[in-house]
There are 2 protein chains.
Amino acid sequence: MPARLDPVSAKRVAVLKALGHPSRLLITEALMDGELCVQEIRDLVGDDVSTVSKHLSILRAAGVLASEKRGLNVFYTLACDCFGEFLKCVDQVCPVPSALRAAGRKCC
Amino acid sequence: MPARLDPVSAKRVAVLKALGHPSRLLITEALMDGELCVQEIRDLVGDDVSTVSKHLSILRAAGVLASEKRGLNVFYTLACDCFGEFLKCVDQVCPVPSALRAAGRKCC
DNA sequence: TGGTTACTTGGCAAAACAACCAAGCAGAGG
DNA sequence: CCTCTGCTTGGTTGTTTTGCCAAGTAACCA
């Protein structure tokens, strides 16, 4: 990575990298339906608890998730309500044939 | 990756992973100002041409970029006009203190 | 206090990724 | 035809990531 990255882009990379993993995206998508504790997330993705915990750390460090400890459990939630909108944006970054774009059709 | 991913999420992961690299994000951001050929991109990121070419392959495979050969040059462009909107969405997936969210303030 | 549950952290081996060099390939122009 | 430029592909090496096990920490309960 020779080129220096400005802080804004660096934060973007952190978020994108955090979400660019099958298990981590799955976790984040699941949290759109509400908070989950680590065990529930473990059942969802099927990995070892330690692996899940590390995934969650990465997502929290990137600012995607927030966590709250209640009793013995740690509950994870989306840090931002706009994640659904974000996913729509991801889906719109799509391979539209340039012919369509040249014809003035927008993909979003 | 034990849990099977549905095709939609798999595509999302590909896009997010492709953009979750400093050079690749830099390239994509630069293309918002218009098409660039490989040499120009090489000057931008400062990597070896072969490295740049591989980055571009990844971005094209993910559907983020499109390429067109004209003469000796290969020009790369954004596959979708909505990339600026996408970046806004990325920036909005932010670490807002839960206190703010609890108070009903939306981050986006 | 000791035990149990829930989670995190450290450490390690396997896998994936990144970046370089070298070689190959395709057009353009002698 | 040859050569040169622009880009891609193959190969190698070094780094990063991933995922498991084991050990450690924290909160609850008896």
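Lettering follows sequence order; numbering is per chain, from 1. As a basis for the values below, the full set of heavy atoms in this structure was taken, side chains included, without hydrogen atoms, waters or symmetry mates.
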Within the structure shown, what part of the strands sits under 4.0 Å from F75(A) by heavy-atom distance: base, sugar-phosphate, or nothing?
nothing
What contact category does V49(A) fall into here, base, sugar-phosphate, or nothing, at under 4.0 angstrom with non-hydrogen atoms?
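V49(A): base contact, heavy atoms under 4.0 Å.
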In whole angstroms, how far is the [atom2] atom of [N] from the [atom1] atom of [X]?
X	N	atom1	atom2	result
K17(B)	dA15(C)	NZ	P	16 Å
I58(A)	dT18(D)	CD1	C1'	9 Å
L59(B)	dC7(D)	CG	P	16 Å
L16(B)	dC17(C)	CG	C1'	17 Å
D47(B)	dA19(C)	CG	C1'	7 Å
D48(B)	dC7(D)	CG	P	13 Å
L56(B)	dA18(C)	CG	P	13 Å
E68(A)	dT8(C)	CD	P	14 Å

Contacts of type side chain to side chain donor-acceptor pair (under 3.5 Å), residue [X], not counting sequence neighbours:
X	value
S50(B)	D48(B)
N73(B)	none
K88(A)	E85(A)
S67(B)	R60(B)

Establish, with yes or no, whether the OP1 or OP2 oxygen of [N] is under 4.0 angstrom from a side-chain nitrogen or oxygen of [X].
X	N	value
H55(A)	dG19(D)	yes
Y76(B)	dT8(D)	yes
H21(A)	dA15(C)	no
T51(A)	dG19(D)	no

Where do [X] and [Y] come nearest, in terms of heavy atoms and distance?
X	Y	result
Y76(A)	L31(A)	O-CD2, 3.4 Å
L25(A)	L19(A)	CB-O, 3.7 Å
A18(B)	A62(B)	CB-CB, 3.8 Å

Closest of dT9(C), dC7(D), dT8(D) to the R60(B) side chain is dT8(D)
At under 4.0 Å between heavy atoms, how does the protein contact nucleotides 23-30 of chain C? Give one character per nucleotide, 5' to 3', with B, S or -.
----BS--
Given DNA chain C, 5'-ward residue of the pair R24(B) and N73(A), judged by closest heavy atom
N73(A)
Nucleotide N/O of nucleotides 10-15 of chain D paired with protein N/O under 3.5 Å:
| from | atom 1 | to | atom 2 | distance (Å) |
| --- | --- | --- | --- | --- |
| dG10(D) | O6 | K54(B) | NZ | 3.2 |
| dG11(D) | O6 | K54(B) | NZ | 2.5 |

Salt bridge (charged side-chain N to carboxylate O under 4.0 Å, His left out) partners of residues 19-30 of chain A, not counting sequence neighbours, each pair once
E29(A)-R12(B)
Does anything in residues 38-66 of chain A pair up under ring-ring contact (aromatic ring centres under 6.0 Å, His included), and if so which pairs, sequence neighbours excluded?
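Qualifying pairs, neighbours excluded: H21(A)-H55(A).
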For side chain to side chain contact (heavy atoms under 4.5 Å, CB included), just list the numbers for L26(A) and S23(A), CA-CA rounded to whole Å, side-chain angles, deciding distance to a tenth of an Å, and then say yes or no.
CA-CA 5 Å; L26(A) 182 63; S23(A) 300; 5.5 Å; no
Please output the side-chain donor-acceptor pairs of residues 32-45 of chain A that fall under 3.5 Å, not counting sequence neighbours, one pair per line with the distance.
| from | atom 1 | to | atom 2 | distance (Å) |
| --- | --- | --- | --- | --- |
| E35(A) | OE2 | R70(A) | NH2 | 2.7 |
| E40(A) | OE1 | C37(A) | N | 2.9 |

Could you pull out all residues at least two apart from F75(B) that satisfy ring pair (Phe, Tyr, Trp, His ring centres under 6.0 Å)?
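Not a single residue meets the ring pair (Phe, Tyr, Trp, His ring centres under 6.0 Å) criterion with F75(B).
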Counting only non-hydrogen atoms, which of residues 34-42 of chain A are less than 4.0 Å from DNA chain D?
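Close to the strand, none.
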